[in-house]
Every structure is written in C-alpha cells, then in structure tokens.
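Only one structure is covered here, and it is reproduced in the block below.
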Amino acid sequence: MSKERKIKVIVAKPGLDGHDRGAKVIARGLRDAGMEVIYTGIHQTPDDVLNSIIQEDPDAVLLSILSGAHNALCSKIMEKLRENNIDDVLVAVGGIIPDEDKKFLEEQGLKGFHGPGTNIKTIVDFVKSNLKRKFRI
Amino acid sequence: MIESESKKDKEIENKKNTIKRNFKNLSNIEIKRLYSPKDVETFDYNKDLGEPGQFPFTRGVYDNMYRGRFWTMRQFAGFGTAKQTNERFKFLIAHGQTGLSVAFHFPTLYGYESSDEKSLGEIGKVGVAIDTLDDMEVLFDGIDLSKISTSMTINGPASILLAMYIVVGEKKGLKPEQLRGTIQNDILKEYIAQKSWIFPPEPSMRLIVDTIEYCSKNVPQWYTISISGYHIREAGSTAVQELAFTLADGFAYVEEAIKRGLNIDDFAHRLSFFFNAHNNFFEEIAKYRAARRIWAKKLKNKYGAKKPESMRLRFHTQTAGVSLTAQESENNIVRVTLQALAGVLGGTQSLHTNSYDEALCLPTEKSVRIALRTQQIIANESGIADTVDPLAGSYYLEWLTNKMEEEAEIYFKKIEDLGGVIPAIKKNFFQREIANASYKYQKEVDNKERIVVAVNKFQPKSCRNPEILRIDEKVSENQIKNLEKIKRTRNNKVVENALKKLKKAAKGTENLMPYIIDAVKEYASIGEIITVLKEIFGIYVEESIF
C-alpha cells in the first residue's frame, strides 16, 4: 500500500525524565524534513504512549530517555503494543542507551539507540529507511 | 571611523588569509579581530568595576577572594540507595572534597514514592532514592554536618528535604542555626527549562517564600534558593539568555518575598545563584562578571537594599554537561578543565567539575576522582587563584562584560512587557526562546559552522566506550521493601494526624515549614506529603512546544 502522504511520527518522552532538549530538536528536525510530527511532551506512562499511538496511528514512534529507565519502560511499551496487535509501527529509542542494553532492547523489537552527538540528518535517514509501512519516498 | 576600522580588518584578514570560520560566540555576538581602548571609552573603574568586595562587585564578592580560601569543591553526587551514595560522599571527602551536593532520583524530585507506578525504572537511576527520613539518616551517616555544607538539588519538594535535613541535624545533636547548606528551591527555572515541577506557579512561590521566611528566623546560615541558570543553559539557551532569564527569576523571588512583607536586607544575602560554565571561555567569564554587576545595581537601586551583603551575588558553577561528548570521552577532561578555569576566573564560590563519562552514565569512582583533581590542580598548581580577578582591564573582557549586561537588559524589558516571569512562562516565552536557540545551535553543528572535536570533525574511525557505572535493578526492590517496612513500624496514627494538620494549614496562609517538619519527624514519606499538598494546590500541566 503505497501512500502519498507525509510520514507521521510521534516523538515521546516516557518516564519521569525531563531532559527534553534532544527530543525537541529531533521533533523539529523531522518536521523540517517534511514529516508530520506530534510531540507528546514529557512524563508519558507506557499507557500514555499506547494511547497516543492508537489515537494518531503514526508510522514511527521515537522514544527519548536519558534517565536510565529505558529497559523497564521500553519493554512495558512493547508489551502493550503486542497486546494491542500493533506491529506495523517503527518504534525506536534514543538518548543515553549503554551498548550492553541494545541487544535486550532489540529483542523487544526496538531500533535506533542514537546517542549524544547524532546529527538530525542521521535521524531523518534512519526513520525513512526503517519504516515498516511502505512509502513512496 | 568604524568603517575604516572594519576596512582595515578586512585588509588584514585578506592579507593574512584568515580562515573563514564562525567568529560569533555562543550568544551569537560577533567578535572582532581586536579590542582597544576605543571599545571601552566610557569605562570608569570605580563605577563599572569597583574594588573586589565592593559595589558593584564586578571583580568579585570578597576583597581577598581565593587568597583567603579556595572555592568550595562540591561534586554533585547521588545514585542507587542512600547507603551507596553515603559511600560515594565519604570517598569524595576522603579525596579532599570540601562540600556535599546531593543528586536525588526522579521519583524524589517529583514527590512520588518509590513504589508508585510512575517510578517504574527510575529508582536510584539519576540520583539517590530518598523516600523518608530513614533514607536521609543513612545518607548522612558518619558525616559531621557541623563541618561541611550540603547543597541539595531539589525544587518541588525542597521544603520537605530541608525539613528532613534539619531533623537529621537535630538527631546528630546540632541546632538548626549550626547547619550550612543550600536547597535549590528554584521552581521558576523548572517551568522554564528543567521540568521537575509539581504544583502550579502560585502555590510553588508560596512554599518558596515559606522556606525563605523560616530560614531567615531559624536556619540563618542556610541558602534558601539557588537561582539557577545551569538548567536553562543545558536546555539549549545562549549565555545571554542564561544570564537574563536567571536574574529575572531572581528579581521575581525578591519581589515575591517583599510582597510577603519581608525586609530585603533580612533575606537577600541568603539567595544564591548557580551558573553553567560552557565552552566559550571569555564569554563565560564576562557572564559571571556582568551577573554580579547587574544584581548589585538592581538590588540597590530598584529594591532598596541597604546592606552590601544583600547586593553580593554568590554563585555555584557546574561545567556544561551538554558539552560532553560520548565520542572519545577522555577529551571531556580537557573541556572540563577549560570550563572550570572560566568559573574560577569568573569568581565562583563553589564548583562542580563534570566527569568525563557523563555523556554515557553517572560517574565512576575513577572519573569523579579525575574531575575533583582537576579543581585541585587549578587551585593548587596553576597560580590562577593567587590574585583577584586577574583579567580585569582587558579591553575585550570589559567590552564583552558590558555587552552581556546590555543584552540582558533588553531581555528584562521584554519580560517586563509580558507582565513578568510567571506570565511569560505561561505564554511560553522562555520555552520558545530556548527551543529556538538549541535548534539553531544543532543546525550550526550539523552544518559544521560550529566544530565539536571528534563529533563533526576529527572523527575517530572507531571508538571504545570506557567502563560505565550501572545501577543494579535490585536497588528498586530493596528501596520499595524498606519503604514498606518503615510504614509498618512507624506510628501511623501520628503520621495521619500530622498530615491532616499540614493539609489544614495549606488551605490557609500560615508558613508550612513547622508542619512539614512535624510530618517528616514521624517518617511520613515525601510522596505522602506531596500527595496531601497536591490535593490543595493542584498540579502543573505543561503545554509541550518544540
């Protein structure tokens, strides 16, 4: 199903982490690259993230976590997506994700793991080339 | 004349084949090839600088500065349980640290119990897990609080942590007037940048003034607020914005306390500041000097302070976390050294130097030792601390100090036009300014107009990360178990009663500090106290912009 619409992305900050500089810069960078971007703001519970996905039907969800709570929160979010049979959305997490945690997160179905020093173009290209739904780009 | 000067600059630049690069500092102020007496034509030593320790304090708040005593070396520390952090404190003290600084984990910062659903994954991660007085007793176990001052980075629940500290002191046989330290207690910058808010602005301001009032009578050596530019800068502001927004917040607290009927000279000397030390060396030094001068002039001329004590802007500095790179993280030791040097040359009263691994994790013992040693080397080996404000009189630095002050004044006017700090927050003014500045900066880095070594230039082919500190997931389990145990063993009737009284007082206008002290003494948790206050004060909801 090829579509001639904008790629729709949710940028979300799960957990209590308030460090939102990176999330905001990425949200704006993706918007400037022609995507439709919804920024949920901070303090999103796994249920909040799920509800945003159900409501907005995005092509990608980018989670930003710098507090170290990524393993607990991401696996909870993925569990909720599986429960709701949502399997065509790219879910990625970035922020401060130690190398040792990447395997565990990959097994949960997450991608990305971009950290400090990543430029905007890298994120834009990453989203475009990892979407699960087919787009004519 | 200006035209011919810039023509001359062009000629020199062409002749010497100047590399075309960005000559704007991080506040986007264009920096000229050369500064001369013409750039500081109106310069008046007594009026613009004054002697150190004298109005307007541009050269420093004390006449003797570091010849009397070095700045306080105060590393921000906290992770895992209170016991683990207590060990880190003792490690730091054993290595020559002269002040304590507590980092709390997110649930404490937001007033959630560790067992709350919202605390999932966050226990002990970015700071130490503190739920009740019991944790605070462990945190300061074996540390003589009459000998060391303690800074606590806590905002929404600041009055609760202060209350716990007072009670811990009491249990160690210390009177409140013997305690020295700081609570950050700066809620305005939370709305603006750092985001660990709980209540809406108005009740938050009440709690802050409660602490100011309480401490001015009972804990006279306590700094009741650390008005913070650090987080504003980390969130992406420029140096000028950091300077202007922070001082504007300071004025807002002063005005609020005056509104309560407090006398400016009774509390102003217990307000302190907290600034960032970022990469552009002279810009940072100019920022600190301008901050002192602006504060002194405003306190004297606008708010009618009479005592010189009230006009002195004292500040803590932390090197810029955001400037640390994950790539070739050892290079951060050099960045931190330069930033720390700016803080010292800017006349800081205390300093935190970041550890090289902080773009990856909380610091290890090794990395924090190097960070502390960096300060000790600057203090003891470089000779920089031997004379007061050694850079004064530099044409460039004095011009830049003036320029920072001018630019800050433009922002003060804008904020005033918006109706003050709180109305400006509600209109997202600061949030938008910071988001724009951080996006612009990122674009400049992406376009290589700004160079970050090993990130967008001189990139390594491969890069090995250092060993990192990990927080054991057992911390979470243990913390929750301990909280449950406290709740089983305390006198729950007395707790309930204390919380009831607090709630009743919160509905009125009384100072809440005595009620909070009574509640923490009985081992009421921070979560329980905050829950009661939320029922009266409500919660803050942010409009998320990007």
Side-chain angles (χ1 to χ4, degrees), chain A residues 11-33 37-48 52 64-77 94-101 113-124, chain B residues 79 105-107 109-110 112 117-127 190 193-197 231 234-236 321-322 324-327 358-362 431 434-436 438-439 441-443 445-448 452 454-456 459 464-465 468 470-471 473 476 541-546:
Chain A
V11 175
K13 278 202 62 73
L16 297 178
D17 179 26
H19 298 96
D20 58 0
R21 177 180 183 163
K24 285 175 162 181
V25 165
I26 284 169
R28 196 147 157 185
L30 295 174
R31 191 181 65 189
D32 284 358
V37 180
I38 294 148
Y39 173 52
T40 62
I42 59 174
H43 299 178
Q44 300 295 298
T45 62
D47 277 322
D48 292 337
S52 297
S64 164
I65 307 175
L66 287 82
S67 70
H70 46 271
N71 285 349
L73 288 166
C74 289
S75 47
K76 196 85 178 174
I77 289 168
I96 298 183
I97 314 292
D99 289 338
E100 306 92 278
D101 294 344
F113 320 117
H114 296 94
T118 308
N119 63 30
I120 295 170
K121 189 176 176 297
T122 303
I123 304 287
V124 171
Chain B
F79 61 91
H105 75 164
F106 273 121
L109 296 178
Y110 287 105
Y112 292 117
E117 200 187 358
K118 296 227 177 190
S119 305
L120 175 73
E122 311 277 11
I123 318 281
K125 288 284 167 60
V126 301
E190 297 296 333
Q194 179 71 359
K195 314 294 167 81
S196 57
W197 59 67
H231 320 81
E234 289 288 296
V322 79
L324 302 177
T325 64
Q327 296 76 8
E358 288 191 65
L360 301 161
C361 61
L362 295 189
Q431 298 91 315
I434 294 168
N436 288 343
S438 73
Y439 191 61
Y441 176 80
Q442 184 61 44
K443 296 285 261 192
V445 172
D446 285 2
N447 297 334
K448 303 195 180 191
V452 185
V455 172
N456 67 357
Q459 292 107 315
R464 259 179 94 140
N465 287 338
I468 64 166
R470 289 193 70 94
I471 309 300
E473 294 298 332
S476 176
V541 181
E542 182 192 46
E543 183 196 342
S544 303
I545 58 150
F546 66 91

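Atoms considered below: every heavy atom in the structure, side chains included; atoms not considered: hydrogens, waters and symmetry mates. Below, chain A is the first sequence line, B the second, and so on; all start at residue 1.
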Among the listed options Thr122(A), Asp101(A), Ile65(A), Ile97(A), the residue most often paired with chain B at heavy-atom distances under 4.5 Å: Asp101(A)

Most chain A-contacting option - heavy-atom pairs closer than 4.5 Å, from Val445(B), Ile545(B), Ile123(B): Ile545(B)

Heavy-atom contact with chain B under 4.5 Å, split by part of Asp17(A): both

Chain A interface, residue from Gly127(B), Ser119(B), Ala235(B) that has the most non-hydrogen pairs under 4.5 Å: Ala235(B)

Among Ala72(A), Ala69(A), Gly41(A), residue most engaged with chain B (heavy-atom pairs, under 4.5 Å): Ala69(A)

Interchain contact, Glu122(B) with chain A, by part (heavy-atom threshold 4.5 Å): both

Residue, of Gly22(A), Gly117(A), Ala27(A), that accumulates the most heavy atom pairs under 4.5 Å with chain B: Ala27(A)

Ile120(A) portion near chain B, given a 4.5 angstrom heavy-atom threshold: both

Contact check, side chains of Thr40(A) and Ser544(B), non-hydrogen atoms, under 4.5 Å: no

Side-chain H-bond candidate by donor/acceptor type, Asn465(B) with Asp99(A), under 3.5 Å: yes

Heavy-atom pairs under 4.5 Å with chain B, option from Lys24(A), Arg28(A), Lys121(A), Arg31(A) with the top count: Arg28(A)

Under 4.5 Å from any heavy atom of chain A - which part of Glu473(B): neither

Validation row: Glu117(B), Thr45(A) side chains within 4.5 angstrom (heavy atoms): no

Worked check of side chain to side chain contact (heavy atoms under 4.5 Å, CB included) between Phe546(B) and Val11(A): CA-CA 10 Å; Phe546(B) 66 91; Val11(A) 175; over 6 Å; no

Which portion of Ala435(B) sits near chain A, non-hydrogen atoms under 4.5 angstrom: both

Close side-chain approach of Arg470(B) and Glu100(A), heavy atoms under 4.5 Å: yes

Under 4.5 Å from a heavy atom of chain B, the part of Thr118(A) involved: backbone

Atom group of His70(A) that falls short of 4.5 Å from chain B, counting heavy atoms: neither

Portion of Ser438(B) that has a non-hydrogen atom of chain A nearer than 4.5 angstrom: both

Heavy-atom proximity to chain A below 4.5 Å, by part of Asn436(B): both

Parallel, tilted or perpendicular: rings of His43(A) and Trp197(B) (30°, 60°): tilted

Segment of Gln327(B) engaging chain A (4.5 angstrom heavy-atom cut-off): side chain

Side chain, backbone, both or neither of Ile468(B) within contact of chain A (heavy atoms, under 4.5 Å): side chain

Chain A contacts, top residue of Ile471(B), Leu362(B), Val322(B) (heavy-atom pairs, under 4.5 Å): Val322(B)

Part of Ser67(A) within contact of chain B (heavy atom distance under 4.5 Å): both

From OH (Tyr439(B)) to CG (Asp32(A)), nearest 0.5 Å: 3.5 Å

Portion of Val37(A) that has a non-hydrogen atom of chain B nearer than 4.5 angstrom: both

